[in-house]
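Beneath this line is the structure, given in structure tokens, with notes to follow.
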Amino acid sequence: MKRFSVFTFTCLILAFFISHTAAADSTSTERPKVGLVLSGGGAKGMAHVGVLRVLEEMKIPVDMVVGTSAGSAVGALYASGMSVAEIERRFIEMDWLSSFQDNPGRTYKPVRRKQGEWRYPVTPGLGVSLDGLHLGAGIIAGQNLGFILNELTRNVALIEEFDRLPIPFRAVATDLETGEIVVLGSGNLAAAIRASMSIPGVYAPAKLNGRLLVDGGVASNLPVSVAREMGADVIIAVDITDALMGPDKLREAFSVFGQLTTIMTRRNTDQQLALLGDEDVLIQPNLEGHSSADFFNAPVLFELGATGARSQAVELNALTVANPAWQAYRSRLASASYSAGAISGIKIEHDRRLGREFLRERIRQKIGEPLDVNALEADLKRIYGLGYYETVSYAQSPTADGTLLVIKAQEKSWGPNYLSFGLNYEDNFDGDTRFNLTSSLRVTELNELGAEWQTGVQLGTEPRVRTQWYQPLDYGYERFLVAGAQYSRDTISVYGIEGARVAELDVTFRQADIGLGMELGGNAETRLTYARGYATVDEQIGTAPSPDGAVHQGNVSLQLVHDSLDDPFFPRDGAFAGIRGRVEREDLGSDRHFDSITGMALGTGSYKGFTLTGLLFAHTVTRGNAGLENAIRLGGFRRLSAYAPGQITGDSAGMASVYASQSFGGPITPWFAGMGLEAGNAWESLSDAGWNSSVKSWSVFTGVDTFLGPVQLATAYSNKDNWVAYLNIGFSFTQLFY
């Protein structure tokens, strides 16, 4: 009896373990398919990352991901196999401001574009044609955003079916023409995210498969139905859709517009919430006080998302798996990584205003070598910097021979003729006020090589008209021809020995010129120019050694310029160096006989908002007499600031200056304050220049960056006991050279 009892007990124990092992195996094989649905919400979408962190802490496998707008970005990264820690790091370090800009940076623009930036800084995306004015389809084309998304999805760039990602994925967008939901499950992953994030009126619509697509939140901000169609048994839905505002907050136009947008997304979100069943889990993080533009508060948003997920821990716990099953799931995701391999070919997809060679000549990627992403993005940024394209992007496509690199250039819908504007203003509160409004029309893509015709007009105290034809001589823009004509009028003040103004002349210049140039890399060029024209004194007050009648001008000049400054007005990084030699001769059509050299060097750098800038400028007549109309004039804001414009005048002049400033505020309202020291003078010859013979100017200044350039208030004091104050808009250091 005792032996039988032991045997029976042993059998029961074995049966218990066998039945539980079978049950465990049954559970592991019959685990419900979990679909994760992430809603749109702009910057608040970073709360999704906190939810993902909790799901991993609780060992909850996700079998499919569906996302709208910001939810599509987070969901795509997770579906591609990127770890939660890596997603958090990327979002914290990301340059969010650049994602809302199309400008790739001034360093990627050719020197010829940089020369006129300070005159025409406002480029509002305004095109002109015979049938009127045209605007782009969005404030932002999404050029930089495309680069960011390409980088984030680089490891899965060759996967064209999103079911083949480590976790099957769908992005949701809206057809702009019909308003219908568009579910993106194939193609280029970065392009799908870009389409899902195309906020109407902010980002231009994305063109995919013949459709214009905008933000998926318009049609379905929480696409539960899409996850159901993919076969999800249980859905984890994360809803960060804004709540409707009460009447006490609907007092301004922006709040009313925002309410209309929220009504639309809230309505379709509520329809999708109605599809959730008892087994599904709804997570709604408390994001009150945070907006869809709160991109610089990522760590807080991560934690709020995690807190929202933990509040649903009881419901989520039913989806937890044992550690062996979790490790197997993570191993499967990790094994999905791969290498794209060498590039087997390059395909150019573009509209046909410019020749295909125009783009191919600018791509340095070698066939048969792995993709050099950094070099490729630099090439595409330089192409974009030409100003012809709305977006320039790339994708990789698998072929039988290897990886095909596809370059996609979308020409501007509002081109190819563009308007730009500018304003510069200087007032020293002592009778010297200069105010000029500028506008430019640039007609581009006039032939397959990319010829342009630009005409600029300046109205104000210094009227100016300049028209020129720019003709590249090859597809790579390495050699070019420039032909132009110019009219300008300048006021020249003449000062006596005691510093008092004794005369004032209005001198008009008329000139035609033709030049041959060559680009030297991305930031330098050299140019040989022949100019012919004449100068006349139109009006004179007081007595001065003014030219008698028309003074004919005929000269040849050779200049070399390097410009890598990051901003034309208030540079914080980079350098400028320019040197120009000019020969004026009777044989060239001139009444004068002289040689001159002009040189300028500028360097600037920043550290934690502190910027230090140094400048050297010199002009000298090495032979002959240049005449009053060609004299170099210093004085005015940052040209020996304590002196009036033109108060320091001569055939030879030089200046050395240093400026230190500190930036304050955020990316939305940046302002700065600083001080400067300038020393220089005019001499009969630069050989007479020296510290003891120079005049000095100390200044303090403060300003704020605007779309017109910095608006600055400054006061300056000289070693001659002169005080002066300035209000200046749109000053550029490079004006000294040009």
Side-chain angles (χ1 to χ4, degrees), residues 40 42-43 68-70 72-73 95-105 108 122-129 132-150 152-153 171-182 184 187-219 257 261 264-265 292-293 295 349-351 353 377 380-381 383-395 406-420 444-445 707:
T68 292
S69 194
S72 74
D95 183 2
W96 290 102
L97 190 61
S98 72
S99 70
F100 291 97
Q101 298 173 338
D102 292 321
N103 190 341
Y108 294 103
V122 183
T123 54
L126 188 63
V128 60
S129 64
L133 300 178
H134 303 277
L135 288 169
I139 298 173
I140 306 161
Q143 175 67 21
N144 286 348
L145 177 62
F147 285 146
I148 291 171
L149 295 177
N150 272 335
L152 290 173
T153 60
V172 170
T174 303
D175 189 312
L176 183 59
E177 183 178 358
T178 65
E180 296 175 348
I181 184 175
V182 178
L184 301 171
N188 178 266
L189 183 60
I193 302 170
R194 165 69 178 84
S196 183
M197 296 176 65
S198 298
I199 305 169
V202 178
Y203 285 112
K207 295 181 179 179
L208 281 181
N209 304 321
R211 286 176 151 181
L212 283 178
L213 303 182
V214 296
D215 194 294
V218 176
F257 177 78
T261 303
M264 178 173 54
T265 54
S292 57
F295 290 97
E349 294 183 356
H350 71 124
D351 300 326
R353 290 179 192 157
E377 289 196 356
L380 298 186
K381 287 176 180 178
I383 291 173
Y384 186 84
L386 297 173
Y388 301 147
Y389 298 100
E390 185 170 349
T391 57
V392 184
S393 60
Y394 73 93
V406 182
I407 307 297
K408 301 179 180 181
Q410 179 183 335
E411 292 188 343
K412 291 180 177 178
S413 58
W414 61 95
N417 312 317
Y418 311 100
L419 287 172
S420 55
T444 71
E445 305 177 37
F707 63 94

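For the single chain, residues carry numbers from 1 onward in sequence order.
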Taking the side chain as C-beta and beyond, is there a heavy-atom pair between L152 and I193 under 4.5 Å?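 No, their side chains stay 4.5 Å or more apart.
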Which atom pair, heavy atoms only, marks the closest approach of [X] to [Y]?
X: A73; Y: M197; result: CB-SD, 4.0 Å
X: A43; Y: A293; result: CB-C, 4.0 Å
X: A192; Y: A171; result: O-CB, 4.2 Å
X: P104; Y: Y384; result: CD-CD2, 3.5 Å
X: D102; Y: N144; result: O-OD1, 3.8 Å
X: S413; Y: E390; result: N-OE1, 3.8 Å

Between [atom1] of [X] and [atom2] of [Y], what distance do you get to the nearest 0.5 Å?
X: Y389; Y: E445; atom1: OH; atom2: CD; result: 6.5 Å
X: L145; Y: S99; atom1: CG; atom2: OG; result: 6.0 Å
X: Y394; Y: N150; atom1: OH; atom2: CG; result: 4.0 Å
X: T153; Y: N188; atom1: OG1; atom2: CG; result: 6.5 Å
X: L149; Y: S196; atom1: CG; atom2: OG; result: 10.5 Å
X: N103; Y: T123; atom1: CG; atom2: OG1; result: 8.0 Å

Please identify each residue that fulfils side chain to side chain donor-acceptor pair (under 3.5 Å) with S198, with sequence neighbours left out.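 S198 satisfies side chain to side chain donor-acceptor pair (under 3.5 Å) with R194 once adjacent residues are dropped.
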Any donor-acceptor pair under 3.5 Å from [X] side chain to [Y] backbone:
X: N417; Y: G127; value: no
X: K412; Y: G387; value: yes
X: E411; Y: Y388; value: no

With a 3.5 Å cut-off and sequence neighbours excluded, list the donor-acceptor pairs that the side chains of residues 209-217 form with protein atoms.
residue	atom	partner	partner atom	Å
R211	NE	D175	OD2	3.0
D215	OD1	G217	N	2.6
D215	OD2	S69	OG	2.7

Does either side chain, that of S129 or that of H134, offer a donor lying less than 3.5 Å from an acceptor on the other one?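 Indeed, the side chains of S129 and H134 share at least one donor-acceptor pair under 3.5 Å.
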List the steps and the verdict of side chain to side chain contact (heavy atoms under 4.5 Å, CB included) for Q143 and V392. CA-CA 7 Å; Q143 175 67 21; V392 184; 4.0 Å; yes
Just to verify, what does Y108 make a ring pair (Phe, Tyr, Trp, His ring centres under 6.0 Å) with, not counting sequence neighbours?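 Y108 satisfies ring pair (Phe, Tyr, Trp, His ring centres under 6.0 Å) with no other residue.
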